[in-house]
Amino acid sequence: MTSEHLTIGVLAVQGAFEAHAQVLRSLGVNAPLVRLPEDLASLDGLILPGGESTTFLKHLERNGFFNALATFVQQKPSFGTCAGTILLAKDVRNPVQKSLAVLDATVERNAYGRQIDSTIQETETTLPGGTMEMVYIRAPRIAAVGDGVEVLARRNGDPVLIREGRILAATFHPELSADRRVHEFFVEMVRREKLAHSATAAHAG
Amino acid sequence: MSHLNGSTSGNPSGTGLRLKTGLAEMLKGGVIMDVMNVEQARIAEEAGAVSVMALERVPAMIRAEGGVARMANPKLIKEIMQTVSIPVMAKARIGHFVEAQVLEQLGVDFIDESEVLTPADETYHIDKHAFKTPFVCGARNLGEALRRIAEGAAMIRTKGEPGTGDVVHAVQHMRTITREIRILTALREEELYNEAKQHGAPYELVRMVAQEGKLPVPNFSAGGIATPADAALMMQLGAETVFVGSGIFMKERATPLDIENDPKERAEAVSRAKAIVIAATHFNDPKIVAEASELVTGTMKGLAAAAIEEAQLMQTRGW
């Protein structure tokens with residue numbers, strides 16, 4: 001199976017969805033924009049981009065989108081960046097807000113300050129290929145993670161790239177850097193999940 | 001190109017412009033709402049605004065009341081920053097770099113060097129590279145957009161005609177900018193030098209637009225957007241996000257809806273704000289734009305832009 005057969009949607013109710021879709025397309029993946037609950041059908045995975053999480057929640061209130069998305073992220077690989085990570089986390093603070101609660105992490109919104117404190121840093125990561133440029137825009141902070149969460153990179157001790165099962169989450173914006181490793185890592189997660197799923201289906205058949 | 005990589009922005013890592021346009025990327029597909037007090041800011045956030053613009057008088061009031069329009073009082077801006085979790089923008093007068101310094105000091109997330117306020121300089125705009133805070137500037141055509149980008153703007157918006165509720169000039173400006181971009185993409189290399197001269201814009205930026213087919217920074221729309229259909233129209237014409245100024249909280253030209261004391265007027269403001277947010281996301285889906293339009297109770301009365309005398313236009317401010 002090649003990546004040409006993979007379809008990874010990008011949640012496009014608001015935010016930096018186009019930048020993610022461009023990276024996915026450059027990796028040979030179909031990347032439809034997801035604006036309605038029915039757009040989730042037939043996706044192998046989903047990216048929840050950066051943007052304003054309060055705005056996302058307003059759109060998700062309509063037409064059962066929130067519940068459809070909550071079901072999707074429990075079943076298929078999903079990757080959140082920034083506001084997307086806020087949406088995936090179990091515990092959101094500053095202020096407390098509703099979330100899909102599939103990622104065992106505590107996330108504080110705007111914890112590093114306002115836009116004036118936005119920054120680009122070179123950071124160590126467990127992904128092969130050396131340090132990685134990480135773009136932080138009014139970033140949230142992952143204050144705590146559960147035992148089942150793997151930390152792939154840290155910024156001054158705080159986790160900034162984490163994985164728990166099918167969920168990948170970053171507080172920075174890999175879609176704004178030329179380095180494609182995080183997206184490649186996620187595409188690989190989606191490919192393996194799809195392979196495993198089709199193998200199980202074949203076995204059951 | 002030092003003027004694009006932000007190396008003069010006071011950010012030694014040379015990453016200034018990427019961080020500035022990065023925030024603009026996060027605002028895409030959304031609605032930025034003008035607010036004059038904490039309660040309006042709260043309504044805007046609850047309705048799903050991606051950002052609020054803090055100001056003392058919306059353009060419709062400035063237009064009706066006259067006088068010199070200046071940067072808002074820092075106290076008001078700080079109160080609004082403390083109230084909402086979304087980014088807060090504020091306006092500085094064209095060329096008034098000290099108002100911009102004050103706004104940066106307050107920590108606002110975006111500064112709008114705006115023709116809505118009375119210009120402080122009739123020749124020079126603010127050197128926006130000198131700031132770490134990103135700037136948005138208005139433009140009526142490609143040349144104006146590229147001049148502002150050369151000065152360091154991280155986001156461009158159409159000017160339209162502010163405070164009117166009449167979208168006609170926003171449409172005209174967006175159509176002009178996108179048409180001029182499409183023309184550049186069809187020209188030969190050697191023709192671009194003359195285009196740069198015609199547009200009054202730096203050759204490097206003209207060449208970049210010719211190659212990419214878009215502005216090097218996000219392209220938003222403002223100026224007269226008052227309804228969900230207006231928002232969807234601007235998005236279909238190429239805007240990546242819309243600013244709504246007087247369209248949400250104004251009743252008559254110079255009178256805001258009484259959201260504090262009148263539940264009906266508060267509901268009206270909420271309905272307009274929510275509906276425009278829905279339409280900006282689902283701009284390509286007429287069924288949803290229709291549903292959103294149906295939610296709206298009442299619309300800003302507005303002022304036909306064609307009826308405004310030349311000297312009263314705000315869009316001609318800026319050089």
Side-chain angles (χ1 to χ4, degrees), chain A residues 10-20 33-36 39 49-63 65 81-84 86 92-97 108-110 113-122 133-140 172-173 175-178, chain B residues 6 11 13-16 18-32 44-52 81 84-89 103-111 131-134 154 214 218 240-241 273-274 277-278 280-285 287-288 291-292 295:
Chain A
V10 184
L11 185 66
V13 291
Q14 191 273 314
F17 50 85
E18 199 53 56
H20 275 292
L33 300 181
V34 174
R35 290 199 167 100
L36 295 169
D39 298 338
E52 287 305 318
S53 58
T54 51
T55 305
F56 291 5
L57 287 170
K58 279 295 134 190
H59 286 287
L60 295 177
E61 273 175 14
R62 302 179 66 246
N63 304 324
F65 204 168
T81 57
C82 200
I86 295 168
V92 181
R93 299 186 183 171
N94 188 37
V96 172
Q97 67 186 37
E108 294 170 6
R109 293 186 56 205
N110 300 325
R114 305 191 69 95
Q115 172 62 14
I116 197 100
D117 306 299
S118 291
T119 180
I120 299 180
Q121 298 190 351
E122 280 289 325
E133 178 195 84
M134 296 185 182
V135 179
Y136 297 92
I137 310 279
R138 285 174 50 98
F172 60 96
H173 292 281
E175 78 283 7
L176 298 181
S177 291
Chain B
N11 185 334
S13 52
T15 53
R18 288 178 61 208
L19 286 172
K20 291 172 176 178
T21 57
L23 179 57
E25 288 287 331
M26 299 308 138
L27 300 174
K28 282 184 176 178
V31 182
I32 300 159
E45 183 174 49
E46 283 169 14
V50 289
S51 174
V52 292
M81 286 167 58
V84 296
S85 65
I86 54 181
V88 174
M89 305 189 179
L103 294 176
E104 177 161 87
Q105 181 61 37
L106 294 176
V108 303
D109 297 292
F110 240 102
I111 298 170
F131 293 80
K132 207 180 163 194
T133 305
K214 60 186 180 69
E240 295 173 297
T241 277
K274 279 187 175 173
V277 167
I278 293 168
T281 290
H282 300 282
F283 64 91
N284 261 331
D285 191 332
K287 186 168 165 282
I288 298 179
E291 287 166 9
L295 292 175

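Labels below follow one simple rule: chain letters A, B, ... track the order of the sequence lines, proteins then strands, and each chain is numbered from 1.
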Nearest 0.5 Å, what's the [atom1]-[atom2] distance between [X] and [Y]?
X        : Y        : atom1 : atom2 : result
A:Ile116 : B:Leu23  : CD1   : CG    : 11.5 Å
A:Thr119 : B:Lys132 : OG1   : NZ    : 6.5 Å
A:Leu33  : B:Thr281 : CG    : OG1   : 11.5 Å

**Prompt:** Should the heavy atoms of other residues, nucleotides or ligands under 6.0 Å from CD of B:Gln105 be counted, would the total exceed 12?
**Reply:** no

**Message:** When you measure from the side chain of A:Gln14 to the backbone of B:Lys28, do you find a donor-acceptor pair of N or O atoms at a distance under 3.5 Å?
**Reply:** yes

**Asked** Do any N or O atoms from the side chain of A:Arg35 and from the backbone of B:His282 form a donor-acceptor pair under 3.5 angstrom?
**Response** no

Is [X] in contact with chain B via its backbone, its side chain, both, or neither, using a 4.5 Å heavy-atom distance?
X        : answer
A:Tyr136 : backbone
A:Pro49  : neither
A:Thr81  : neither
A:Ala83  : neither
A:Val13  : both

**Asked** Under the side chain to side chain contact (heavy atoms under 4.5 Å, CB included) criterion, do B:Ile288 and A:Leu36 qualify, and how do the steps go?
**Response** CA-CA 11 Å; B:Ile288 298 179; A:Leu36 295 169; 3.7 Å; yes

I'd like to check [X] versus [Y] (side-chain heavy atoms, cut-off strictly below 4.5 Å). Are they in contact?
X       : Y        : result
B:Pro87 : A:Glu52  : yes
B:Met26 : A:His173 : yes
A:Glu18 : B:Glu240 : no

Where does [X] contact chain A at under 4.5 Å (heavy atoms): side chain, backbone, both or neither?
X        : value
B:Ala49  : backbone
B:Ala280 : neither
B:Val31  : neither

**Message:** Evaluate A:Glu133 against B:Arg18 for salt bridge (charged side-chain N to carboxylate O under 4.0 Å, His left out), listing each step before the verdict.
**Reply:** CA-CA 12 Å; A:Glu133 178 195 84; B:Arg18 288 178 61 208; 2.7 Å; yes

**Message:** Which one wins on heavy-atom pair count under 4.5 Å against chain B: A:Thr55, A:Thr54, A:Asn94, A:Leu57?
**Reply:** A:Thr55

**Message:** Looking at every heavy atom in both A:Arg114 and B:Asp109, which two are closest together, and how far apart are they?
**Reply:** NH2-OD2, 2.7 Å

**Fill in**
Correct closest heavy-atom pair for B:Leu19 and A:Gln115 would be O-NE2, 3.1 Å

**Request:** Among B:Pro134, B:Ser85, B:Ala47, single out the residue with the greatest number of heavy-atom pairs under 4.5 Å to chain A.
**Result:** B:Ser85

**Asked** Do the charged groups of A:Glu61 and B:Lys274 touch, with an N to O distance under 4.0 Å?
**Response** no

